[in-house]
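For ligands, and for the atoms within them, numbers begin at 1 and follow the listed sequence. Remember, predicted model here, so these are calculated numbers, not experimental data.
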Amino acid sequence: MTTPTRLPADFVWGTATASYQIEGAVDEDGRGSSIWDTFVRTPGAISDGTVGDVADDHYHRYAEDIALMASLGFNAYRFSIAWPRIQATGTGPANQAGLDFYRRIAETCHENGITPWATLYHWDLPQALEDEGGWLNLDTAAAFRDYAALTHDALGDVIQHWITLNEPWCSAFLGYGNGVHAPGKQVGTDAFKAAHHLLLGHGLAMNALRESRHTDSILGITLNLYSVRAASDSEVDREAARRTDGIGNRLFLDPVLRGAYPSDVLLDAGLSDWFEERSGDLEVIKAPVDFMGINYYSRHTAAGPEDGVWSDPSVPSAAPGSENVRMVDTGADKTLMGWEIHPDGLVDVVAMVAERSGDLPIYITENGAAYEDQLGADGQVEDEERRHYFELHTAACADAVEQGLPLKGYFAWSFMDNFEWAFGFSRRFGIVHVDYDTQVRTVKKSGHWFRDFLAAQQG
Ligand code: GBH
């Protein structure tokens, strides 16, 4: 892009966070424990051995945090609601103190001219539900519907935008496939069943929210999508790309938007019969959404097994059925996560969704980069690489809009440094630096860049 990026005046510009990554206060006001409270105490689960008990202490500092995002010029804030704050054990009546906290967040947003976007599930399942099988248990889908309905009923007057699930691929395949995320289980192809129960929970919640008294709510789901291509034209590499696209994209997009599972994916996993018996659930899963959310970070270049032999899909992996898929290093620049920087992939995934959903509004609900940040002696964080990443990806948003794709907004991940799941505090994604000893927030160069960029959008 040579011309400065300029998007429509009504384009949504936000930042995003998630409850367990920022809130802390894990024992306050009746919050129950979640699978992440348990998982972080499993030896070896978190690379730096840290836990999210305090994190960014956002539970107590939300007002200054929201004021800071407003001062940078953002007009939306995507946060998540911790299920165990609303229902300590995942079922039963709502905990008023939990609801009150999120009402304060929403009201503080409004006072600051920011539109609140609530995600109902960003991975912190109540531990009591995991004890009953978690997402492997069909009942969890109904429990999620009940939780979603009572939360939306209580807060629908101050929150209009709702996202049911964040990245069900991660919950299913990192939580129950390779076990890198909570609850840390490795159940082989049963991880596909977790995916189905998550999607069913989404559909049940969609229907419940749709029927509620808050008829002006705007409802959607967030998927992490893969911009995938084959490493070469060889049959085995094209097969690798098909499998990656199948599990990473089509397994979630097709049921939500077309009411059907991709048959090749079920066949790979040897689960066609299991899914056939549950095909009635697809009526629920395809409940119409008002928008689609996409979390986009990177492109994946897939190659197949060198010997051309596909292994048994019951071997634990992030994506059962794709054990032998190798992600090839193309030599492109990468972030500290090792994720390739490929801004055009953002346009690819928006186009992938638009192809299935027509004119439905699409939002990038997360996009961002981890880098090693140093707080300078002068109190500056010179995160030029992150600034550049955001410059490239906001320009890609402009490209998507220019191409006529229905992209309506963008949320930077993340507002501030936070607990990066299996990496603990060792990876920073914030446009605001957090000193975990003092809880002092310092706007990074990337944050200042956003402030100027957003001001120019208005000018
Ligand atoms: C998001 O997940 C989360 O929603 C957010 O909470 C988190 O902090 C943020 O990203 C940063 O990690 O195939 O080996 O290349 C993103 C999860 C990351 C899942 C990339 C798929 C591919 C790993 N995605 N990952 S690999």
A.B. asks: Given the side-chain rings of F74 and W13, with only the six-membered ring counted for Trp, is the space between their centroids under 6.0 Å?
C.D. replies: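 Not close enough - the centres of the two rings lie 6.0 Å or further apart.
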
A.B. asks: What residue and atom, counting heavy atoms only, is the protein's closest point to atom 20 (C) of ligand 1, and at what distance?
C.D. replies: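 Of every protein heavy atom, W339 CZ2, 3.4 Å lies nearest to atom 20 (C) of ligand 1.
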
A.B. asks: Just to check, does A18 reach to within less than 4.0 Å of ligand 1 when the distance is taken from its heavy atoms?
C.D. replies: no

A.B. asks: Mark yes when over 12 heavy atoms from residues, nucleotides or ligands other than D264 sit less than 6.0 Å from its CG; otherwise mark no.
C.D. replies: yes

A.B. asks: Looking at Y363, Y296, F11, which hits side-chain contact (heavy atoms from CB on, under 4.5 Å) with Y410?
C.D. replies: F11

A.B. asks: Against heavy atoms of N224, which atoms of ligand 1 measure under 4.0 Å?
C.D. replies: 19 (C)

A.B. asks: Has E64 got more than 12 heavy atoms of other residues, nucleotides or ligands less than 6.0 Å from its CD?
C.D. replies: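 Correct, the count exceeds 12.
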
A.B. asks: Find all atoms of ligand 1 within a distance of less than 4.0 Å from any non-hydrogen atom belonging to Y226, and give their numbers and elements.
C.D. replies: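 Those atoms are 21 (C).
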
A.B. asks: So do L336 and E372 actually touch side chain to side chain, heavy atoms under 4.5 Å?
C.D. replies: yes

A.B. asks: Contact between ligand 1 and M327 is defined here as a heavy atom of the residue under 4.0 Å from a ligand atom; is it met?
C.D. replies: no

A.B. asks: So is Q21 touching ligand 1 or not, going by heavy atoms under 4.0 Å?
C.D. replies: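 The answer is yes, since Q21 has a heavy atom less than 4.0 Å from ligand 1.
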
A.B. asks: N/O of E366 under 3.5 Å from N/O of ligand 1, yes or no?
C.D. replies: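 Yes, there is a polar N/O contact under 3.5 Å.
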
A.B. asks: Any N or O of W421 that comes nearer than 3.5 Å to an N or O of ligand 1?
C.D. replies: yes

A.B. asks: Measuring to protein heavy atoms, does anything land under 4.0 Å from atom 14 (O) of ligand 1?
C.D. replies: no

A.B. asks: Is it the side chain, the backbone, both or neither of N418 that has a heavy atom closer than 4.0 Å to ligand 1?
C.D. replies: neither

A.B. asks: Does a side-chain heavy-atom distance below 4.5 Å link K408 with I362?
C.D. replies: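 A side-chain contact is absent here, since even the closest heavy-atom pair is not under 4.5 Å.
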
A.B. asks: Kindly say whether H433 contributes a backbone atom to a donor-acceptor pair with the side chain of D373 at under 3.5 angstrom?
C.D. replies: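 Not a single qualifying donor-acceptor pair exists.
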
A.B. asks: Between E420 and ligand 1, which residue portion shows a heavy-atom distance shorter than 4.0 Å: side chain, backbone, both, or neither?
C.D. replies: side chain

A.B. asks: What about W123 and W421, are their ring centers closer than 6.0 Å?
C.D. replies: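 Here the rings of W421 and W123 have centres that are less than 6.0 Å from each other.
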
A.B. asks: Would you mind running through ligand 1 and noting each atom that sits below 4.0 Å from a heavy atom of C170?
C.D. replies: 17 (C), 19 (C)

A.B. asks: Taking only heavy atoms of Y297, which atoms of ligand 1 are found under 4.0 Å from at least one of them?
C.D. replies: 1 (C), 9 (C), 10 (O), 11 (C), 16 (C)

A.B. asks: Out of E167, H122, H300, whose heavy atom is nearest to atom 16 (C) of ligand 1?
C.D. replies: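 Result: the heavy atom closest to atom 16 (C) of ligand 1 is in E167.
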
